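All values below come from the heavy atoms of this structure, side chains included, with hydrogens, waters and symmetry mates left out. Labels below follow one simple rule: chain letters A, B, ... track the order of the sequence lines, proteins then strands, and each chain is numbered from 1. These numbers were taken from a predicted model, which means no experiment stands behind them.
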Amino acid sequence: MITTTGLTKVYRSGDREVTALDGVDLHVREGEVYGVIGQSGAGKSTLIRCLNLLERPTSGTVTVAGQDLTALAGRGPRANAALRAARSHIGMVFQHFNLLSSRTVQDNVELPLEILKVDRRERSRKALELLDLVGLADKAQAYPGQLSGGQKQRVGIARALAGDPKVLLSDEATSALDPETTRSILQLLRDLNRQLGLTVVLITHEMDVVKTICDSAALMKNGRVVEQGTVAELLATPGSELARELFPVGGEPSGDDRTVVDITFHGSAATRPVISELARTYNVDISILGAAMDTVGGKQIGRMRIELPGRFEENVVPIGFLREQGLQVDVAAVAEAADTTGTDPAAQPAIPVPAAPLEKEAAK
Amino acid sequence: MQPLLYDNTLDTLFMVWWSTFYAVLFGIPVGVLLHLTERGALLQNVVVNKVLGAIVNIGRSFPFLILIVVLIPFTRLVVGVSIGPTGAVVPLAIAAIPFFARLVEAALREVDKGLIEAAQAMGGGTWTIIFKVLLPQALPALVAAVTTTVITLIGYSAIAGAVGGGGLGNLAYTYGYQQYETSLMITTVVELIVLVTLVQLLGDLIVRRLAGRGTRASSVRVGLRRLRTSVDEATLGTVDAA
């Protein structure tokens with residue numbers, strides 16, 4: 001549905017150059033909710049603005065619904081008619097809602113329809129229908145100033161849907177909202193995704209958002225996508241930073257002479273008594289350091305961090321047994337070493353330091 | 001009321017009304033153009049912006065009396081005469097256009113860039129952004145700018161007396177001051193004060209009404225509510241028509 005190839009954006013100010021996007025290849029499938037996560041300054045905001053060419057990429061292509069927008073755009077910074085027509089079918093919602101305070105809620109939703117030159121009666125019908133869809137039918141004549149943050153964002157979503165888009169871009173749509181409102185807005189996006197088959201691309205710095213509604217996710221760092229895939233794929237990738245962030249298990253080892261193993265259960269393996277089998281078969285004492293069950297991307301997943309006595313070399317066989325059971329097993333120290341090959345191995349701690357939680361950026 | 005006072009009041013109103021009309025008519029496009037050609041704006045164009053900015057600055061730096069004299073041939077060309085209230089409207093308007101244009105530019109600068117981005121994301125072009133986003137969103141600030149311009153023009157119109165423009169300011173000077181009719185002078189000055197106060201009050205009412213749209217905390221005093229509603233509808237009507 002959305003593909004970018006080699007997307008690069010370089011900002012020039014004077015003789016300094018800042019590379020905001022550095023060769024981003026993104027693949028968003030039709031009908032999925034795709035989350036792009038990263039710290040502020042990672043380039044995710046630039047990325048989403050490049051998807052409807054609010055920002056012109058320095059190089060690379062953007063294809064949305066089979067249309068190469070970068071080819072449509074023509075020269076010069078102004079959007080030509082072809083690009084504007086394409087944009088009117090890509091919905092966008094914003095962190096700060098960006099509603100016109102001079103217009104009523106209904107008139108705000110009608111604005112994109114006015115741009116599309118829809119006649120007055122049809123505009124009104126469509127706007128009311130959309131407001132009904134987002135649960136604000138009774139607020140049509142209110143002004144944005146009279147609404148709460150969550151209601152404003154619902155208006156923003158209704159407005160974004162006015163052009164019957166196939167794609168909805170969400171730029172930190174929930175970052176200015178409280179946790180409860182965030183949940184209801186995410187639920188709405190999820191419902192729209194299912195009911196209308198809407199493809200949603202959202203950028204966020206909140207891992208919870210990805211966890212709640214995303215089918216796929218990409219992690220951005222310094223203008224690059226460092227990991228991307230479906231949530232299931234990510235969780236199945238040993239050493240995946242996103243998987244670790246999505247589903248953290250805590251727990252510190254009790255001593256130096258221990259092996260810490262992270263086990264991820266999904267599918268049928270989740271129902272088998274593997275831990276007691278392991279203990280019985282190999283006669284090892286297993287300590288459970290941490291464990292959690294959670295729903296990620298709509299799937300039940302369990303994760304457990306266990307500790308086996310002895311160093312990794314002594315535990316190769318039991319770990320092999322766990323792998324044979326169809327479980328995903330990450331030996332913590334090994335995973336960490338693989339992550340950081342090339343750096344000074346002596347400096348590596350035996351136990352991975354949990355990646356610093358993504359910084360919560362304050363609402364601007 | 002003395003016929004003298006009455007005639008001159010009409011002259012003042014005539015001059016202020018028409019010069020404001022032309023200031024708004026030409027000042028809005030100039031202000032919009034100044035705003036849109038700014039660096040990083042929609043129609044970024046350094047050359048147009050600098051040239052237009054320079055013209056506006058020149059217009060604003062002329063002492064008004066000099067402007068009247070300099071413009072005499074132009075005034076005669078446009079309205080056929082260079083004296084009287086009609087002759088005074090031209091220099092008044094020429095002085096007010098750059099003044100008002102700067103106020104428009106400042107008002108538009110206050111419009112949230114996110115709204116422009118939202119309109120662009122919906123597929124809106126430059127005209128859509130000007131007429132559906134910039135001007136409606138800046139409307140309260142634009143009304144405030146008109147208020148300021150009207151009051152400035154009431155002051156300037158007194159100087160227009162130098163070319164026989166008549167008006168209250170001239171009346172106070174020629175009859176009141178030069179012919180020692182102190183009571184007439186005082187009456188005229190009081191009338192000017194009342195006029196300016198009324199304009200400011202009306203302008204503020206409209207601005208508050210427009211800016212307060214939809215905010216729960218809008219401090220509406222009950223006594224003024226009805227008046228404000230009617231004023232609001234009246235202005236909204238004219239804006240829509242325009």
Turns out that what part of A/L169 lies under 4.5 Å from chain B's heavy atoms comes down to neither
- Query: Are side-chain heavy atoms of A/K9 and A/T19 found at a separation under 4.5 Å?
  - Reply: no
Per-residue tally against chain B (heavy atom, under 4.5 Å) across A/A160, A/P165, A/S102, A/P112 peaks at A/S102
Next on the checklist: Are B/I151 and B/Q200 packed together at the side-chain level, in the sense that at least one heavy-atom pair is separated by less than 4.5 angstrom?
Outcome noted: yes
Under 4.5 Å to a heavy atom of chain A? For B/I116 that would be neither
Less than 4.0 angstrom from a charged side-chain N to a carboxylate O is my criterion; do A/R125 and A/E110 meet it? no
On a heavy-atom basis, the closest approach of A/F94 and B/A121 is CZ-CB, 4.2 Å
Under 4.5 Å to a heavy atom of chain B? For A/L100 that would be both
Measure up the B/F26 and B/Y22 rings against each other and bin them: parallel (under 30°), tilted (30 to 60°), perpendicular (over 60°).
-> parallel
Ranking A/L116, A/V93, A/L53, A/L99 by heavy-atom pairs under 4.5 Å to chain B gives rank one to A/L99
